[in-house]
A.B. asks: 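Mind looking over this structure? Questions follow.
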Amino acid sequence: MDESLLREILEEHSQNPYGDNELKHVTHSSEWKSPKTGNVCRIQTTIKENTLLHIAAQVKGSALAKACASIMCSELEGEGIADIYQIQRNLRIWIEERVQPMNWKGDLLVYQSLVDFPERMDCAILCWRALEQVLPREKSSQII
């Protein structure tokens, strides 16, 4: 994948974040503060009948953390919880073992190159850690 395209995707999401709003009907919410960077991500969701109908993420932190939260929100909204668990598993396996998923869902393909920058990974998975606190527990779905 062309690195300049991946950088462009991250810049677009950082400058025009999707899901950077307050939800009106929140069923689950959580906040995660990185002990390493101090970045904070607050997640709000509307979950009904095992589907993530709406998701919002407000990030106080780096441009990368904001971009990744935007990407996560745009790609997960409307997905079934079981599908979200699979996306989380694929991402975790890619980060930890470098075993690439069969395909990347939309803009999540930026993680393909982010693993080359381990010093930035804390920012890149901040939103996923906050999301883990919102979803019903499934041990194998944990990112880190």
Side-chain angles (χ1 to χ4, degrees), residues 1-3 5-23 25-34 36-37 39-144:
M1 176 54 70
D2 181 10
E3 292 296 319
L5 174 62
L6 297 176
R7 192 173 309 115
E8 187 177 315
I9 291 169
L10 286 169
E11 287 175 11
E12 177 62 29
H13 277 281
S14 175
Q15 294 170 3
N16 301 296
Y18 182 89
D20 183 21
N21 58 310
E22 295 282 332
L23 293 184
H25 304 288
V26 176
T27 59
H28 301 81
S29 65
S30 179
E31 185 173 282
W32 178 266
K33 181 176 181 177
S34 167
K36 182 177 178 182
T37 64
N39 288 343
V40 176
C41 180
R42 189 174 117 219
I43 297 280
Q44 296 177 316
T45 62
T46 305
I47 298 173
K48 186 175 181 181
E49 298 177 9
N50 289 320
T51 301
L52 181 66
L53 298 177
H54 304 287
I55 182 169
Q58 295 84 37
V59 175
K60 293 178 184 169
S62 71
L64 178 60
K66 290 177 185 179
C68 288
S70 173
I71 290 168
M72 182 188 75
C73 289
S74 69
E75 297 302 336
L76 297 186
E77 194 165 78
E79 289 289 332
I81 300 301
D83 293 329
I84 293 171
Y85 289 147
Q86 186 60 51
I87 291 167
Q88 286 179 307
R89 275 190 292 276
N90 289 345
L91 189 58
R92 179 180 40 81
I93 291 167
W94 174 240
I95 291 169
E96 292 176 359
E97 302 170 26
R98 295 279 183 114
V99 176
Q100 192 161 182
M102 294 288 281
N103 57 31
W104 291 96
K105 181 172 174 21
D107 287 347
L108 289 173
L109 64 88
V110 300
Y111 283 92
Q112 189 174 6
S113 68
L114 288 176
V115 295
D116 294 331
F117 302 95
E119 68 280 1
R120 301 297 311 233
M121 196 50 62
D122 192 69
C123 295
I125 63 171
L126 177 75
C127 57
W128 295 94
R129 288 183 172 175
L131 180 66
E132 286 176 353
Q133 305 302 310
V134 170
L135 296 177
R137 294 280 182 212
E138 184 181 86
K139 186 177 179 179
S140 62
S141 70
Q142 294 178 341
I143 294 293
I144 299 291

A.B. asks: Please say whether more than 12 non-hydrogen atoms of neighbouring residues, nucleotides or ligands are located less than 6.0 Å from CD in E22.
C.D. replies: yes
A.B. asks: Could you give the distance from CD (E132) to CZ (R92), rounded to the nearest 0.5 Å?
C.D. replies: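 Atom-to-atom, E132:CD and R92:CZ are 9.5 Å apart.
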A.B. asks: Backbone N or O of I43 within a donor-acceptor pair of the S30 side chain at under 3.5 Å?
C.D. replies: no
A.B. asks: Mark yes or no for whether T51, through its side chain, and G80, through its backbone, hold a donor-acceptor pair below 3.5 Å.
C.D. replies: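 Answer holds: no.
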A.B. asks: Report yes or no: do N39 and S34 form a side-chain donor-acceptor pair below 3.5 Å?
C.D. replies: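 No.
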A.B. asks: Assess whether side chain to side chain contact (heavy atoms under 4.5 Å, CB included) is satisfied between T27 and L53, documenting all intermediate values.
C.D. replies: CA-CA 10 Å; T27 59; L53 298 177; over 6 Å; no
A.B. asks: Taking all heavy atoms of S113 and all of E3, pick out the closest pair and write down the distance.
C.D. replies: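 Taking S113 first and E3 second, the nearest heavy atoms are CB-OE1, 3.4 Å.
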A.B. asks: Could you walk me through whether L126 and W32 satisfy the side chain to side chain contact (heavy atoms under 4.5 Å, CB included) test, starting with their C-alpha distance in whole Å, then the side-chain angles of each, then the deciding distance to 0.1 Å, before giving a yes or no?
C.D. replies: CA-CA 7 Å; L126 177 75; W32 178 266; 3.4 Å; yes
A.B. asks: Determine yes or no for a side-chain-to-main-chain donor-acceptor pair under 3.5 angstrom, with W94 supplying the side chain and Y111 the backbone.
C.D. replies: yes
A.B. asks: On a heavy-atom basis, which atom in A65 and which in V59 lie closest, and how many Å separate them?
C.D. replies: CB-CG1, 3.8 Å
A.B. asks: Taking the side chain as every heavy atom from C-beta outward, state whether Q88 and L135 have any atom pair closer than 4.5 Å.
C.D. replies: yes
A.B. asks: Let me confirm one number: the CD1-CH2 distance from I87 to W128, rounded to the nearest 0.5 Å.
C.D. replies: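 CH2 of W128 is found 6.0 Å from CD1 of I87.
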A.B. asks: Determine whether a donor-acceptor pair (N or O, by modelled atom type, separation under 3.5 Å) exists between the side chain of Y18 and the backbone of A56.
C.D. replies: no
A.B. asks: Could you give me the CA-CA distance, side-chain angles and deciding distance for R129 and D122, then say whether salt bridge (Lys or Arg N to Asp or Glu O under 4.0 Å) is met?
C.D. replies: CA-CA 10 Å; R129 288 183 172 175; D122 192 69; 3.4 Å; yes
A.B. asks: Taking all non-hydrogen atoms of both residues into account, name the closest pair between L131 and I84 and its distance.
C.D. replies: CD2-CG2, 4.2 Å
A.B. asks: Indicate yes or no: at least one non-hydrogen side-chain atom of L91 is less than 4.5 angstrom from one of I95.
C.D. replies: yes
A.B. asks: Measure the spacing between SG of C68 and CE of M72 and express it to the nearest 0.5 Å.
C.D. replies: 9.5 Å
A.B. asks: To the nearest 0.5 Å, how far apart are CD in Q100 and CG in L109?
C.D. replies: 9.5 Å
A.B. asks: Does a side-chain heavy-atom distance below 4.5 Å link W104 with N90?
C.D. replies: no
A.B. asks: Atom OG1 of T46 and atom CG of L23: how far apart are they, to the nearest 0.5 Å?
C.D. replies: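 Taking OG1 in T46 and CG in L23, the distance rounds to 5.0 Å.
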A.B. asks: Give, for atom CE of M121 and atom CG of L114, the distance between the pair rounded to the nearest 0.5 Å.
C.D. replies: 5.5 Å
A.B. asks: Tell me the closest heavy-atom pair linking C123 and S62, and the distance in Å.
C.D. replies: SG-OG, 3.3 Å
A.B. asks: Under the side chain to side chain contact (heavy atoms under 4.5 Å, CB included) rule, what do I9 and I71 come out as? Steps first, then yes or no, please.
C.D. replies: CA-CA 9 Å; I9 291 169; I71 290 168; 4.2 Å; yes
A.B. asks: Taking it one step at a time, do K60 and E31 satisfy salt bridge (Lys or Arg N to Asp or Glu O under 4.0 Å)?
C.D. replies: CA-CA 11 Å; K60 293 178 184 169; E31 185 173 282; over 6 Å; no
A.B. asks: Does the T45 side chain pair with the main chain of I55, one donor and one acceptor, at a distance under 3.5 Å?
C.D. replies: no
A.B. asks: Do S70 and H13 have a side chain donor and acceptor closer than 3.5 Å?
C.D. replies: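 Result is yes, a qualifying pair exists.
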A.B. asks: Using every non-hydrogen atom in the two residues, find where V134 and S29 come nearest and quote the distance to one decimal.
C.D. replies: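 Minimum heavy-atom contact is CG2-C, 3.9 Å.
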A.B. asks: Please identify each residue that fulfils salt bridge (Lys or Arg N to Asp or Glu O under 4.0 Å) with K105, with sequence neighbours left out.
C.D. replies: E75, E79
A.B. asks: With a 4.0 Å cut-off on N to O distance, would you call R42 and D20 a salt bridge?
C.D. replies: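 Answer for the salt bridge query: no.
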A.B. asks: Determine, stepwise, if the pair Q44 / Q58 fulfils side chain to side chain contact (heavy atoms under 4.5 Å, CB included).
C.D. replies: CA-CA 9 Å; Q44 296 177 316; Q58 295 84 37; 4.1 Å; yes
A.B. asks: Please find the pair of heavy atoms, one from L52 and one from I81, that lie closest to each other, and give the distance.
C.D. replies: N-CD1, 4.2 Å
